[in-house]
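Note sheet for the following structure.
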Amino acid sequence: MHAQNSGRPADPLDLLEIDSLLTPDERAVRDAVRTFCDRRVEPHIAEWFEQGVVEDIRGLTKELGELGLLGMHLEGYGCAGMSAVDYGLACLELEATDSGLRSLVSVQGSLAMYAIHAFGSEEQKEEWLPRLAAGTAIGCFGLTEPDSGSDPGSMRTAARRDGDDWILDGRKMWITNGSVADVAVVWARTDDGVRGFVVPTDTPGFSAPAIKHKMSLRASVTSELVLDSVRLPGSAVLPEVRGLKGPLSCLNEARYGIAWGAMGAARSSFRAALAYAGDRVQFGRPISGFQLTQAKLTDMALELAKGTLLAFHLGRAKDDRGLRPEQVSFGKLNNTRSALEICRTARTIMGANGISLEYPVIRHANNLESILTYEGTVEMHTLMIGQALTGQAAFR
């Protein structure tokens with residue numbers, strides 16, 4: 001005979017009991033990040049978003065380091081050495097508070113730190129990774145340019161030899177953490193192909209003006225990087241990689257975290273809409289009792305559960321055997337698209353209140369407009385999956 005359900009009430013945020021798939025240690029990681037976000041960031045995040053600032057970002061980054069979240073999936077050099085699922089759960093909880101918070105952690109750990117960890121010299125690793133892991137230093141990652149986004153091979157930033165030194169010239173655009181960073185990993189064309197450089201931001205000729213007037217990721221530092229005859233020693237180049245394989249492998253690390261993070265933004269918006277629908281009375285009853293509202297809530301719950309299961313599957317696969325690029329694209333494309341639709345639907349349930357920063361919904365929706373296209377646009381991830389399906393490259 002089949003065992004009967006225990007009769008315990010269903011959790012409306014987890015009807016499928018996905019939580020039961022986690023180990024006790026994974027739940028502990030998830031709960032620790034959630035507790036930190038609730039205490040340290042949630043009381044301030046709406047104001048930070050409205051004002052377009054992150055108060056005491058250096059203090060916040062240090063606290064994230066003390067919690068072990070910076071480069072948490074890397075081994076050695078002060079990094080926590082945790083699993084891909086642990087990292088994904090952390091991304092989900094961080095982005096449930098705000099995409100800007102998850103972006104800070106993602107760029108620090110999966111882009112700047114991962115590049116140095118995977119491709120750097122021992123001297124570079126020992127100089128930067130312990131400080132970045134502790135949050136006493138902040139890193140950024142310079143790949144995108146004003147005229148080079150989806151096609152990084154067309155970058156104009158160039159590095160040339162001058163004796164034993166390198167001279168870098170160029171501009172990078174839309175760089176998270178740029179104007180507060182202590183070190184930038186900058187990718188540039190050389191006579192020997194695309195190379196990565198570890199650039200201390202106090203090097204003469206380097207500047208990082210902040211980008212203003214954003215309507216998305218407002219609780220995040222976004223900057224331009226300007227390199228004007230920046231002179232670096234020969235030891236500044238990342239020795240273990242040449243070509244676009246370097247930056248693209250870093251992007252795949254970050255994209256994996258986004259697949260989890262987007263579900264955090266979606267969960268936060270779904271939670272807000274579900275609670276609001278139960279409290280909002282129209283025509284003498286809560287609007288959650290009307291069929292059309294229930295249809296919206298059901299669709300949101302379906303997409304949230306499917307996206308979370310997809311992220312969890314990718315995490316287990318990453319820990320077990322690693323992920324192919326098209327698998328990462330699958331998660332990033334599906335989950336950012338689904339999360340944005342969940343936020344938009346939540347906004348319709350909440351009516352005019354849905355655009356108020358008293359609730360998280362419009363903030364998450366605005367942030368996801370950026371998440372949808374950064375670290376690879378919808379079009380690029382669609383074509384990556386299409387190439388895996390057909391064997392035909394349709395990029396050009």
Side-chain angles (χ1 to χ4, degrees), residues 18 21-23 25-26 29-30 68-92 94-95 102 105-120 125 129 132-133 139 141 143 152 185 187 194 196 238-264 306-336 371 374-376 380-391 393 395:
I18 298 172
L21 300 175
L22 304 180
T23 68
D25 286 346
E26 288 165 348
V29 170
R30 186 265 317 276
L69 296 180
L70 302 176
M72 63 184 287
H73 54 310
L74 304 178
E75 297 280 351
Y77 307 97
C79 301
M82 304 188 83
S83 72
V85 171
D86 289 330
Y87 175 59
L89 290 166
C91 286
L92 188 151
L94 292 165
E95 193 148 349
R102 197 267 310 145
V105 170
S106 177
V107 168
Q108 179 100 340
S110 288
L111 293 180
M113 291 178 69
Y114 179 81
I116 295 171
H117 191 276
F119 307 121
K125 294 175 186 179
L129 290 179
L132 292 167
F141 185 86
L143 178 63
V185 175
W187 301 91
V194 171
L238 295 173
E240 299 300 326
V241 72
R242 288 172 172 78
L244 290 175
K245 171 189 173 183
L248 294 181
S249 64
C250 298
L251 290 175
N252 272 334
E253 288 294 309
R255 290 161 176 168
Y256 163 76
I258 291 170
W260 282 91
M263 291 296 99
K306 288 189 289 186
T308 304
L309 283 169
L310 172 57
F312 180 77
H313 169 71
L314 292 175
R316 284 283 188 254
K318 192 176 194 314
D319 281 325
D320 181 52
R321 57 190 178 274
L323 296 175
R324 298 190 304 274
E326 67 269 17
Q327 293 174 317
V328 179
S329 289
F330 205 107
K332 201 273 185 180
L333 174 61
N334 182 82
N335 285 9
T336 53
I371 309 305
Y374 84 178
E375 316 271 348
M380 295 307 293
H381 286 298
T382 297
L383 295 179
M384 290 173 73
I385 296 170
Q387 181 177 1
L389 292 172
T390 66
F395 296 94

### Task
Answer yes or no: is there a donor N or O on one side and an acceptor on the other, between the side chain of Lys125 and the main chain of Tyr77, under 3.5 Å?
no
### Message
Nearest 0.5 Å, please: how far is NE2 in His73 from NZ in Lys318?
### Response
6.0 Å
### Message
Return the CG to CG distance between Leu143 and Leu248, rounded to the nearest 0.5 Å.
### Response
7.5 Å
#### Entry: Expected output: side-chain Glu26 to main-chain Asp86 donor-acceptor under 3.5 Å
no
### Query
What is the minimum heavy-atom distance between Gly315 and Ala84, and which atoms define it?
O-CB, 3.9 Å
### Message
I'd like to know if the side chain of His117 reaches the main chain of Gly109, judged simply by a donor and an acceptor atom lying under 3.5 Å from each other, with no hydrogens or angles considered.
### Response
no
### Task
Check whether any side-chain heavy atom of Val185 lies under 4.5 Å from a side-chain heavy atom of Ile116, and answer yes or no.
yes
### Task
Kindly say whether Gly246 contributes a backbone atom to a donor-acceptor pair with the side chain of Ser249 at under 3.5 angstrom?
yes
### Message
Within the 4.5 Å heavy-atom criterion, are Tyr256 and Cys91 side-chain neighbours or not?
### Response
no
### Message
Could you measure the distance from the SG atom of Cys250 to the CD atom of Glu253? Nearest 0.5 Å is fine.
### Response
8.0 Å
### Query
Atom NZ of Lys306 and atom CD1 of Ile18: how far apart are they, to the nearest 0.5 Å?
12.0 Å
### Query
Does the Glu95 side chain pair with the main chain of Met263, one donor and one acceptor, at a distance under 3.5 Å?
no
### Sub-4.5 Å side-chain heavy-atom contact between Leu309 and Leu21
yes
### Message
Give me the atom names and distance for the closest heavy-atom approach of Arg316 to Val85.
### Response
NH1-CG2, 3.3 Å
### Task
Indicate the atoms forming the closest heavy-atom contact of Met113 with Cys79, along with that distance.
CE-SG, 3.6 Å
### Other residues, nucleotides, ligands: >12 heavy atoms within 6.0 Å of Phe330 CZ
no
### Message
Side chains of Ser106 and Tyr87, heavy atoms from C-beta outward: is any pair under 4.5 Å?
### Response
yes
### Query
Looking at CG of Leu314 and CZ of Arg255, how far apart are the two atoms once the value is rounded to the nearest 0.5 Å?
13.5 Å
### Query
How far apart are the closest heavy atoms of Gly307 and Asn335, and which atoms are they?
O-ND2, 3.0 Å
### Message
Minimum heavy-atom separation for Ala115 and Trp187, please, with both atom names.
### Response
CB-CZ2, 4.4 Å
### Summary
All heavy atoms of Ala254 vs all of Glu375, minimum pair found to be CB-OE1, 3.5 Å
### Query
What distance separates Arg102 CZ from Ile371 CD1, expressed to the nearest 0.5 Å?
5.0 Å
